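Just so we're on the same page: letters track the sequence lines, and every chain starts at 1. Because the structure is a prediction, the values reported are computed rather than measured.
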There are 2 protein chains.
Amino acid sequence: MKKRISIKTIAQEVGISNATVSLVLNDKDKEGRVSREMAEKIRKVAKDLNYEPNHLARGLRMGKSQTIGLIVADISNPFFANLAFHIQEYAEKFGYSVIITNTNESDAKLVKILDVLIGHQVDGLIIVPTEHGKPAIEELVKKDFPLVLLDRWYPELQTCYVVIDNYQASKTAVQHLINKKCKRIALFGYTIDLPHMQERKRGYVDTVKKAGLFDENLIKDINYISIDADIKTALDDLFFNEKNEKPDGIFFATNSIALHGLRYMFERGVKVSKDVKAICFDKSDAFDLMESPVPCVLQPIPEMGKLAVDVLINQIVKGTVIPSKVELFAKLSTEE
Amino acid sequence: MKKRISIKTIAQEVGISNATVSLVLNDKDKEGRVSREMAEKIRKVAKDLNYEPNHLARGLRMGKSQTIGLIVADISNPFFANLAFHIQEYAEKFGYSVIITNTNESDAKLVKILDVLIGHQVDGLIIVPTEHGKPAIEELVKKDFPLVLLDRWYPELQTCYVVIDNYQASKTAVQHLINKKCKRIALFGYTIDLPHMQERKRGYVDTVKKAGLFDENLIKDINYISIDADIKTALDDLFFNEKNEKPDGIFFATNSIALHGLRYMFERGVKVSKDVKAICFDKSDAFDLMESPVPCVLQPIPEMGKLAVDVLINQIVKGTVIPSKVELFAKLSTEE
DNA sequence: AAAGAATAATTAATCGTTTAACCAAATATT
DNA sequence: AATATTTGGTTAAACGATTAATTATTCTTT
């Protein structure tokens with residue numbers, strides 16, 4: 001493989017010093033540092049040789065890499081994939097590249113990824129944290145490392161967050177079912193011990209209680225490790241256990257739970273919308289194609305991504321971190 | 001922000017030279033280069049200080065970054081998101097990080113991304129090429145830059161490819177509809193002028209011709225720029241134009257076309273499976289939840305990703321490129 | 001006892017870029 | 001004419017890690 005073109009190559013070609021080439025290529029040739037003709041000559045040669053600056057060398061020298069690390073729970077999940085898409089598009093506008101990584105909800109993997117990304121000298125991190133990732137992230141926070149947590153947060157950790165108002169969103173969703181005359185509304189949520197999920201549950205509980213419809217048996221916890229089995233068990237209990245009165249509404253607290261749940265209900269012949277109304281978090285392509293579309297809570301994904309980038313870059317350039325929690329609002333797909 | 005820990009920090013802490021620290025941390029302390037106690041001491045301090053090697057410095061010195069660049073058409077498309085997922089997981093096993101980027105099918109963006117990634121000193125590239133990206137990629141190929149094209153290919157460019165047998169897959173899909181007694185099978189494909197799409201079309205044409213079912217009016221070309229409008233026009237023409245005999249089968253050559261198409265058909269009350277049978281490329285969550293599931297061509301996504309990584313890393317470590325086209329086989333979701 | 005080998009460390013150059021500090025010549029100012 | 005300023009560059013150090021070459025000990029071997 002041919003050697004890459006460096007500043008030195010250009011300097012030799014033109015018969016001049018490295019420094020001058022660097023000045024020109026960084027547009028620091030104004031203020032009478034380099035003559036017009038020389039600057040033009042250098043630019044021409046650089047273009048002819050198809051010169052691309054060595055990011056590693058520049059990053060090393062400058063102490064920053066113009067790269068940000070993005071850590072999501074699973075890139076193959078459309079919610080995170082969309083988030084990643086918008087983050088990348090937007091970060092690029094500011095000259096930042098994005099390295100996207102997955103934790104698969106594993107705390108151990110988060111720690112490892114953190115090391116790898118720090119090693120890559122990323123200038124900052126956008127993190128969708130894992131359930132017990134707090135210690136690792138807290139260490140970075142202590143060092144004032146630029147980062148912003150996205151989608152989820154740790155209650156007692158003072159840092160930057162971009163999240164949505166899960167409580168409100170959840171209330172709106174459940175209220176929607178109540179408005180549709182549902183009397184027995186089930187909740188399907190993850191067991192994950194992070195406040196975004198707790199907030200969704202709290203929104204559910206408060207809303208059904210207020211309507212006098214609370215029934216503990218209607219709350220089903222799903223472990224994402226055994227998602228398929230847990231959902232089947234829960235649905236079987238709700239719909240095919242003679243002892244129980246069937247629900248007439250289900251609130252799925254995440255998209256993945258909804259998809260698995262709907263699939264199983266379909267398999268078992270439970271008709272969504274007819275037998276039981278459903279609503280869930282986050283849109284899926286699937287919902288448009290069902291016999292009757294499932295309404296959902298729409299998170300403002302592009303805005304979340306952009307805001308995360310804004311908050312992060314602000315930290316990076318200012319060199320200082322002012323902890324803040326930015327909360328956006330979700331809305332129902334049926335609204336407006 | 002606190003300064004990052006470097007080898008020098010450790011060296012000073014232990015009261016020793018940089019070189020020794022480096023040797024130990026790279027496990028080159030065997031063969032009597034460093035004493036046992038010293039090595040242990042260094043390792044301990046490194047761990048205590050939570051040292052992470054500076055990737056930039058190492059990459060600069062070593063002339064390689066242990067990073068590979070992945071260029072896909074759209075990370076928010078589940079097909080590519082899954083591919084990205086598997087590529088990342090697998091590359092990690094070999095100690096490579098992956099930078100994921102999007103072209104959004106734009107040739108200009110491909111050129112730009114290529115520059116950015118080369119600047120990042122990626123050791124190699126996995127590329128889902130754009131329609132007219134050949135010149136840019138050809139230049140890299142001429143320089144023997146390690147790369148592998150994925151999913152799509154350029155007929156006259158000799159380099160490394162990992163693709164599926166689109167012709168065969170397409171034939172299988174269309175044959176499935178024929179087996180289901182379809183007599184008027186429509187094709188919905190993209191106008192993109194790349195052989196993977198041409199092969200899918202050829203598979204369709206050959207198969208319907210062989211069955212004596214060919215009718216040019218059933219071939220619909222969709223431009224991804226105006227995908228929504230084009231699909232509506234095409235479907236309107238097929239189903240609501242009095243002059244035409246309606247189709248009883250549709251082969252969607254991509255997932256995105258299928259989703260848009262199915263949605264519009266749903267909207268217009270065309271019953272899939274009852275009025276018209278459908279089959280398409282790549283699985284979507286949506287298909288499981290429809291009144292009657294849509295069968296699809298399943299590409300071996302994990303294998304494609306792994307193979308691409310294998311082929312690429314092989315080039316990188318061998319330092320030489322042997323052009324090759326690896327073809328995998330897709331199968332129907334209804335098979336086996 | 002002298003030479004050779006093994007052990008255990010250090011020195012210094014290098015990767016490509018940036019940039020503060022410096023220098024020389026031409027031009028302007030007093 | 002002497003001095004100051006502008007113009008147009010160059011030098012050399014630095015970023016952090018790697019590694020070939022070197023040095024200084026200690027231990028074997030004859």
Side-chain angles (χ1 to χ4, degrees), chain A residues 1-43 46 49-67 95 118-123, chain B residues 1-43 46 49-67 95 118-123:
Chain A
M1 203 180 75
K2 271 181 211 153
K3 234 187 65 193
R4 280 161 165 153
I5 308 291
S6 77
I7 274 192
K8 201 189 246 169
T9 326
I10 300 175
Q12 281 167 350
E13 183 77 12
V14 183
I16 212 170
S17 79
N18 291 357
T20 310
V21 176
S22 175
L23 288 175
V24 171
L25 263 28
N26 287 292
D27 292 324
K28 294 198 174 128
D29 54 335
K30 318 295 166 196
E31 320 132 31
R33 313 272 285 118
V34 183
S35 71
R36 181 98 60 89
E37 315 94 71
M38 183 56 71
E40 270 169 24
K41 200 166 174 183
I42 290 171
R43 267 186 252 272
L49 293 178
N50 206 1
Y51 168 75
E52 277 298 318
N54 183 322
H55 211 269
L56 300 180
R58 173 182 283 170
L60 176 59
R61 169 63 220 242
M62 308 268 281
K64 55 185 181 170
S65 61
Q66 291 290 106
T67 304
I118 300 287
H120 265 278
Q121 306 299 113
V122 294
D123 296 337
Chain B
M1 203 181 75
K2 272 180 211 152
K3 233 188 64 193
R4 282 163 165 151
I5 308 290
S6 76
I7 272 193
K8 200 188 244 168
T9 325
I10 299 175
Q12 281 166 351
E13 182 79 13
V14 182
I16 212 169
S17 79
N18 293 356
T20 311
V21 177
S22 175
L23 287 175
V24 171
L25 264 28
N26 286 291
D27 293 324
K28 298 203 172 123
D29 54 335
K30 316 297 168 194
E31 321 132 30
R33 314 272 284 119
V34 183
S35 71
R36 182 98 60 89
E37 314 93 74
M38 184 54 73
E40 270 170 23
K41 201 166 175 183
I42 290 171
R43 268 186 251 272
L49 293 178
N50 205 2
Y51 167 75
E52 276 299 319
N54 183 322
H55 211 271
L56 265 34
R58 174 182 282 170
L60 177 59
R61 169 64 223 242
M62 309 268 280
K64 53 185 184 171
S65 60
Q66 290 291 108
T67 304
I118 299 288
H120 265 278
Q121 307 299 113
V122 295
D123 296 338

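- Distance CG (B:N54) to C1' (C:dC15): 13 Å, rounded to an integer number of Å.
- At a non-hydrogen distance threshold of 4.0 Å, B:L60, B:R61 from residues 56-64 of chain B come into contact with DNA chain C.
- Close to C:dT17, at under 4.0 Å from its OP1 or OP2, lies no side-chain N or O of A:N26.
- The line from CG of B:L56 to OG of B:S65 is 9.5 Å long, rounded to the nearest 0.5 Å.
- From A:Q121, atom CD reaches atom NZ of A:K64 across 13.5 Å, with rounding to the nearest 0.5 Å.
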5' to 3', nucleotides 4-10 of chain D under a 4.0 Å protein heavy-atom cut-off (B base, S sugar-phosphate only, - none) gives ---SBBB
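- Heavy atoms of B:S22 sit under 4.0 angstrom from at least one base atom.
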Take A:D27 and A:R43, measure what side-chain contact (heavy atoms from CB on, under 4.5 Å) needs, and give me the verdict at the end.
CA-CA 10 Å; A:D27 292 324; A:R43 267 186 252 272; 3.1 Å; yes
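- Between A:I42 and A:E37, the closest side-chain pair of non-hydrogen atoms is not below 4.5 Å.
- For A:A11, the side-chain contact (heavy atoms from CB on, under 4.5 Å) criterion is met by A:I16, A:N18, A:V21, not counting sequence neighbours.
- Annotation: side chain to side chain donor-acceptor pair (under 3.5 Å) contacts of B:T67 (sequence neighbours excluded): none.
- Taken from CD1 in A:I118 to CG in B:N54, the straight-line distance is 11.5 Å, to the nearest 0.5 Å.
- Taking atom NE2 of residue B:H120 and atom P of nucleotide C:dC15, one finds them 22 Å apart after rounding to whole Å.
- Contact between the side-chain N/O atoms of B:K28 and the OP1/OP2 oxygens of D:dT18 is not found at any separation under 4.0 Å.
- Residues passing the side chain to side chain donor-acceptor pair (under 3.5 Å) test with B:T9 are B:S6, sequence neighbours excluded.
- Following rounding to the nearest Å, B:H55 (NE2) and D:dT18 (P) show an atom-to-atom distance of 11 Å.
- The CG atom of A:L25 sits 15 Å away from the P atom of C:dG16 (whole-angstrom rounding).
- In this entry the distance linking CD1 of B:I7 with C1' of D:dC15 reads 13 Å, nearest Å.
- At whole-Å resolution of the value, CD in A:E52 and P in C:dT17 are 11 Å apart.
- Atom P of nucleotide D:dT19 and atom CG of B:D27 are separated by 13 Å, given to the nearest angstrom.
- Applying the side chain to side chain donor-acceptor pair (under 3.5 Å) criterion to A:S17, with sequence neighbours excluded, gives A:T20.
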